[in-house]
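Scroll down for the structure; my scribbles are underneath it.
These numbers come from the heavy atoms of this one structure, side chains and all, not from hydrogens, waters or symmetry mates.
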Amino acid sequence: MKRDIQGKFALKNEDYRLVRSLRLTDSTWVALGITSECLGLTRADYLEQIIGEKALPSMVSPSNTRNKDALPPCITRQDMDSPPSNTRHQEEIEVLKAEIQNLSQKNAALMERIAIASCQVVELELLRDRILLDLKLGKQAPGYKAVQKALNRFIAELTYPNTSVF
């Protein structure tokens, strides 16, 4: 569907089209849109194609009542037999919901472990500071710094045993 410079749909031929109005149900409008989109046409082009091919009398029942089994040309019985796309993958949705629940439980367990570990780290750091105070060395002394470094490594090994600092 090409548009001209002004953004309007480009003319398909020399015949100028006037704006018209139709009263259609929502389901008819949607079916018309789906069918025309399947054919790569606008709704107006599709209607003109139907009239041009004189296919209209064969689609409308002679009693002027709606034929509920009549389907637009692009929509097949096979498409109608399959469930709508939002229910077609219901099993996948259920599997994903179960996976989300499983991951949420794992996340909660990890958050609890992190909270416990952070409490332990705080306690270990307080213990480290107490030991350093018992040394009676200034904070700039080489011995103080060596012990502080060793205690920090010890705390790191206790809290994160799988990661090596060396």
Is there a path of hydrophobic side-chain contacts, each under 4.5 Å between heavy atoms of I/L/V/M/F/W/Y residues, joining I155 to L127?
no

Hey, any chance L22 and W29 share a hydrophobic cluster, counting ILVMFWY side chains that come within less than 4.5 Å of each other, even indirectly?
yes

If you compare all heavy atoms of K145 against all heavy atoms of K139, which two are closest, and at what distance to 0.1 Å?
CE-O, 3.7 Å

On a heavy-atom basis, the closest approach of Y144 and G138 is CB-O, 3.3 Å

Near D26 CG, under 6.0 Å, is it more than 12 heavy atoms from other residues, nucleotides or ligands?
no

Quick one: do V121 and I131 end up in the same hydrophobic cluster if we chain Ile, Leu, Val, Met, Phe, Trp and Tyr together by side-chain heavy atoms under 4.5 Å apart?
no

Going from CZ on R153 to NZ on K149, what distance comes out if it is rounded to the nearest 0.5 angstrom?
5.5 Å

Quick one: does T28's side chain have a donor or acceptor within less than 3.5 Å of a partner on L24's backbone?
no

Applying the side-chain contact (heavy atoms from CB on, under 4.5 Å) test to V147, which of L135, N152, L137 qualifies?
L135

How about D134 and K136: do any of their side-chain heavy atoms sit closer than 4.5 Å?
no

State whether the number of non-hydrogen atoms from other residues, nucleotides or ligands found under 6.0 Å of E37 atom CD is greater than 12.
no

Counting only pairs under 3.5 Å, give me each side-chain donor-acceptor contact of residues 94-110, with atom names and distances, residues two or more places apart or in other chains.
residue: E94; atom: OE2; partner: Q90; partner atom: NE2; Å: 3.3
residue: S104; atom: OG; partner: I100; partner atom: O; Å: 2.9

To the nearest 0.5 Å, what is the distance between CG on L39 and CD1 on I34?
12.0 Å

Does L32 offer a backbone N or O that forms a donor-acceptor pair with the side chain of T35 under 3.5 Å?
no

